[in-house]
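To start, the structure under review is shown below, and the notes come after it.
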Number of protein chains: 2
Amino acid sequence: MVVRRDLKPQGRGSASPALRPSGAITDAMSSRPPRGGQNPTMDQVAEAAGVSRATVSRVINGAPSVDAKIREMVERAIADTGYVPNVAARTLVTRRTNSVALVISEPERPNDTSFLNRVFTDPYFGRITAGATTALRPYDIHLVIIPTDSGDHHHVIRYLRQGHVDGVLLISSHEQDPLPRQVHDLGIPAVVSARPAQPIAASFVDVDQRLGARLAAEHLLARGCRRLATISGPLDIPAGMDRLEGFRAAVKGRHVPSIEGDFTRAGGEECARRLLADHPDVDGLFVASDLMSEGALRAVQDLGHRVPEDVAVIGFDDSSAALECRPLLTTIRQPVEEMAAEMAEMLLAQIAAPGRLPRSVTFQPTLVIRDSA
Amino acid sequence: MVVRRDLKPQGRGSASPALRPSGAITDAMSSRPPRGGQNPTMDQVAEAAGVSRATVSRVINGAPSVDAKIREMVERAIADTGYVPNVAARTLVTRRTNSVALVISEPERPNDTSFLNRVFTDPYFGRITAGATTALRPYDIHLVIIPTDSGDHHHVIRYLRQGHVDGVLLISSHEQDPLPRQVHDLGIPAVVSARPAQPIAASFVDVDQRLGARLAAEHLLARGCRRLATISGPLDIPAGMDRLEGFRAAVKGRHVPSIEGDFTRAGGEECARRLLADHPDVDGLFVASDLMSEGALRAVQDLGHRVPEDVAVIGFDDSSAALECRPLLTTIRQPVEEMAAEMAEMLLAQIAAPGRLPRSVTFQPTLVIRDSA
DNA sequence: CTGAAAGCGCTTACAG
DNA sequence: CTGAAAGCGCTTACAG
């Protein structure tokens, strides 16, 4: 069976050359192990089929011009020999690896003993990975996940320059992060996860942060809260700052005590404790991430307040953490999986058409009402 | 500057050919972007240095036989041109990719709407990834993380057969998982995360599960608990079964009610609720993972029991989740990061010496006393 | 529609 | 110690 791989997974239109399949036969050559321990070469397949190597290459790549009978013979030979194309040889000529990198760039923070553990445990990155993987699967493109902190940016750059991947999805939130610009200067196709702090001509995907914060504010006000407060994200991250400003803007004139958190559970707990110590009469709390909300809920209730009766709490993300909260967390949903999928699609388009102009896509957040507010 | 890469990161001994550096100059050719947009080729470097391509290749690969002056000229030319070797071309001849796959194989479970999200959110996998990444970094070997459920095993096999990686670290816990055998049959270097259910000649790393369970039992007994119970892991996973049996064996003769959990927070909560409904007088609870313990603690306390006064609770893992529990979780530590690092080292050794006999390494768990028991 | 040939960018015996 | 040459396993104009 021959499976064509075009730009659109199920597409019929002819794809641009750059995105043409580089391996159209998938199932036939999948799991059957090679004969003599060694993988057979394309020449051996050609010999077995009684054709030239070029013809074998054509049927593998789904070239339309191959005679049906010959195609059949070749396919049988491929199945018989258990042939699988050598990816290095193919990459050498096509300049395509069928891999893209997911670079997760986080600053080193004080007390951050386990950068990797944090990254691989934060639901946000899990959702990004899930969304990108799912979007890429139909194209048979693999994701190489590369977590990096400021200490090893040059490793990442070298990896990219060596041609391991066709493009990069760059998750970078920190304002001062030099990586987006460095990647951009490489000239390799790239899509960034949010508007880059420094203006570089790169495509990115974002959620309307300020709108999300406004939805949170309006919900708290609508349920009668009058003494609002907020635990923000890190203020050197645009998402942190935007959510804070958006919240402030939406409560028009009301004074809103705030405290700067760090997007972790422990941070949320600590911040809530300090916030309530200074402002014990708060009745509505906007916490800029679900993970922080989980900690904040714990602190609020430990201090003897009922949620939502005494203090209503609303989070941001709608990650799996929202369902681990007690009470279940009312929160602002950002569609992270879909955003990551969009990044992947944009990257593919850019790989196919390198001259493509950069563009940005903004998603709308939505209010998800549960029990905490 | 020339950096040698041998088997031991800081090693002086000569490594086997298979593990010789395939790119010794690292810093010099790292971040500087190429001149004319296009990456320069090795021939261009050779011309710039006034030597042959072979000589350039030798200095890049740290061949000892190069004249010091010539080496210096070549290094300057490399720096001037911003040269970075093409990884596909190199792989084509050396048959080494300097990448290994981390395959995380989990069965599809009922109600498992988000396999990927779960994998990327479970601290266990986070620790595995962190440990393997850290161990591999000194060798400049990259990790390609490939989550897979039973539905796409053939994708994984094909990926491996295409030669994307030099070897695979296979995380597979499910007893019926056919992947370990399939990977083994490929003949590619591989190390498995636990004793394979079907005996295959593969190296693996494990923790002494039964000993861990015994430490838990002894601690509960020592603090005076007499009515013990346990929430086990899935019993089709050897780790789940071993911890249950180990616990039972250690309490000699006592009746121990048990209930089968699923290694998730929600599952732990649900199990604890049901267990206490049937056995309200339990005073010591062994929960076979920290994640389940987090849920179980919630349920136990919701039902009005004090921890540890009324019910002592002890977990298993010592993951980051243990510190998110209230009270802080007493637990059995398995050194997952170190285990993953050991897997990586074993894999490297096997890649260097393909004939190497398979072996297994077993780590000892330890009791970590905090507040819950 | 098919094949012979060139070429992708490296490494590595083999001479010298 | 260095260079010329072969070769890794593919794809792709170019002829026919």
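Proteins come first, then strands; the chains are lettered A, B, ... in the order of their sequence lines, and each starts at number 1.
With Asn98(B) contributing its side chain and Asp140(B) its backbone, the two residues share no donor-acceptor pair below 3.5 Å.
Under the salt bridge (charged side-chain N to carboxylate O under 4.0 Å, His left out) criterion, Asp177(A) pairs with no residue, sequence neighbours left out. Applying the side-chain contact (heavy atoms from CB on, under 4.5 Å) test to Ala77(A) and every residue at least two apart in sequence or in another chain returns Val45(A), Ala48(A), Ala49(A). His142(A) is linked by a ring pair (Phe, Tyr, Trp, His ring centres under 6.0 Å) to Tyr159(B), counting only residues two or more places apart in sequence or in another chain.
For the pair Glu72(B) CD and dC1(D) C1', the computed distance is 17 Å after rounding to whole Å. In this structure, Lys69(A) atom NZ and dT2(C) atom P are separated by 11 Å, rounded to whole Å.
Here Tyr83(A) does not reach the OP1 or OP2 of dG9(D): none of its side-chain N or O atoms lies under 4.0 Å away. Contact annotation: Asn86(A) side-chain N/O to dC8(D) OP1/OP2 distance is not under 4.0 Å. Arg95(B) has a side-chain polar atom (N or O) that falls below the 4.0 Å cut-off from OP1 or OP2 of dG9(D).
Contacts between residues 46-58 of chain B and DNA chain C, counted as heavy-atom distances below 4.0 Å, involve Arg53(B), Ala54(B), Ser57(B), Arg58(B).
Sorted by first then second residue, the salt bridge (charged side-chain N to carboxylate O under 4.0 Å, His left out) pairs that include residues 51-65 of chain A, not counting sequence neighbours, are Asp43(A)-Arg53(A).
Closest-nucleotide positions on DNA chain D for Leu92(B) and Ile70(B) were compared, and the one nearer the 5' end corresponds to Ile70(B).
When heavy atoms are screened at a 4.0 angstrom cut-off, Val87(B) is found touching no nucleic acid atom at all. Counting non-hydrogen atoms under 4.0 angstrom, Thr41(B) reaches the backbone sugars and phosphates but no base.
Scanning DNA chain C for stems, defined as runs of 3 or more consecutive Watson-Crick or G-U wobble pairs whose donor-acceptor distances all fall under 3.5 Å, gives the following ranges: C:1-3 with D:14-16, C:5-12 with D:5-12, C:14-16 with D:1-3.
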